Amino acid sequence: MTQNHVRTAQSCASDARVAVRELHAAIQQPNLELVIFFCSSLYDLNAVADEMNRLFVGVTAVGCTTAGEIGPAGYRNHSICGVSFSAGVCSAVIGRVGELQRFEIARGRRYAQSLLQQLESHAPAADSRNTFAFLLIDGMARREEAVARALQDGLGEIPLVGGSAGDDLELSRAWVFHQNQFHSDSAVLILVSTALPFKIFKTQHFVSETERLVVTEADASHRVVKEINGLPAAEEYARVVGVSVNDLNPQRFAASPVVVAVDGTDYVRSIQKANPDGSLTFYCAIDEGLVLRVVRGVDLQGNLERAFDNLRAAVGPLRVVIACDCVLRNLEITQSGLKESVGAVLHRNNVVGFSTYGEQFRGVHVNQTLTGIAFGSPSDG
């Protein structure tokens, strides 16, 4: 019988230790090379770390906290899900970038290059055709733009994709797991060389309206926009989307994000919250002078199904898809009553992942997208 080199699981147990034990029982396998997991921040994270270290001794294990989890049990909150890969189909190296508040672009480039050298010593055949980078980064540190750009620069042609760790919409503190413990103000970079066919991807489901919103005052380092079109930002945004300022909430932001066009491509810039002073806080950095347009969602489920059809055409039947799904998509799906049907689409396509505070794709930090890595089956089945 051919070994199943890739295994996925999800536990909805409320007790952290029980949840990790259930995850381990389902994804353990001979010659385990890599475990990637996603867990609710509502768990006792010390207990999660303790059980992960006890059960996955000597195994490269990385993960992060979430704003929701996606796995065999569907779209969930307060669960843990994960995927394991055997050494028969991949080689992996990991590293942590700490102190993100003091992150420097040049240091990030050098770090990515040094990690790539480590991978090449383990897997001499590693190159851009069989290797990818997966990034998990503290979504409350507000450093995704610089970190993703620097790491992608250092990796050259090897594509980077990833997601920003969450904290169940508390918007307080998020965590990544590396070398036996959870860390904040940190990012974990995983480099994987694999014999599996794979493709990194990004999908979104928006069309833009015509009215321009010019950012006339902003604090980019804190992702705060103070004025749009010379008026208080929250007031002007509310006018354009047709609601009062008092009605601005996460559901409204999920339904009506804004985009910026870069080289003809629309990149979503999602709003996190409206502030008492009339400003808006975003999930991405926004510079003064940027021209934004409000967008509206069109057929999220149909867009998702077409994305998976394209991935199957590229890599064959989908063995697993590691997905970073913006939490605002989760809110929109819930608000639209689509959670069960979209969850079924994800289940049919073997998706394991999490609801994020942002996504990274080829070195660009984005919002309100689904990004990830789709894997086909090994040639031996």
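Being a predicted model, the structure only gives us computed values, none of them experimental.
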Item to complete: For the pair Phe253 and Tyr237, name the ring-plane relationship: parallel under 30°, tilted 30 to 60°, perpendicular over 60°.
Response: tilted
Discussion item. Please determine whether the number of non-hydrogen atoms from other residues, nucleotides or ligands lying under 6.0 Å from atom CZ of Arg306 exceeds 12.
Written reply: yes
Worksheet item: For Glu340, does the CD atom have more than 12 heavy-atom neighbours from other residues, nucleotides or ligands under 6.0 Å away?
Response: no
Practice prompt. Measure the OG1-CG distance between Thr216 and Leu290 for me, rounded to the nearest 0.5 Å.
Written response: 11.5 Å
Fill in: is_close_aromatic(Tyr43, His78), centroid dist under 6.0 Å
yes
Discussion item. For Glu217, give me all partners under salt bridge (charged side-chain N to carboxylate O under 4.0 Å, His left out), at least two apart in sequence or on another chain.
Written reply: none
Worksheet entry | ring-ring contact (aromatic ring centres under 6.0 Å, His included): pairs with one or both residues in residues 131-173, sequence neighbours excluded | Phe132-Phe198, Phe132-Phe375
Item to complete: Just jot down the salt bridge (charged side-chain N to carboxylate O under 4.0 Å, His left out) partners of Asp219, sequence neighbours excluded, or say none.
Response: none
Discussion item. For Glu211, is there an ion pair with Arg239 - N to carboxylate O distance below 4.0 angstrom?
Written reply: yes
Discussion item. According to salt bridge (charged side-chain N to carboxylate O under 4.0 Å, His left out), who are the partners of Glu288, at least two apart in sequence or on a separate chain?
Written reply: none
Discussion item. Going by the rule side chain to side chain donor-acceptor pair (under 3.5 Å), which residues pair with Gln181 if we only count those two or more places apart in sequence or in a different chain?
Written reply: none
Item to complete: Report the residues that fulfil salt bridge (charged side-chain N to carboxylate O under 4.0 Å, His left out) with Asp15, sequence neighbours left out, ordered by chain and then residue number.
Response: none
Worksheet item: Are side-chain N/O atoms of Lys273 and Thr281 paired as donor and acceptor at under 3.5 Å?
Response: no
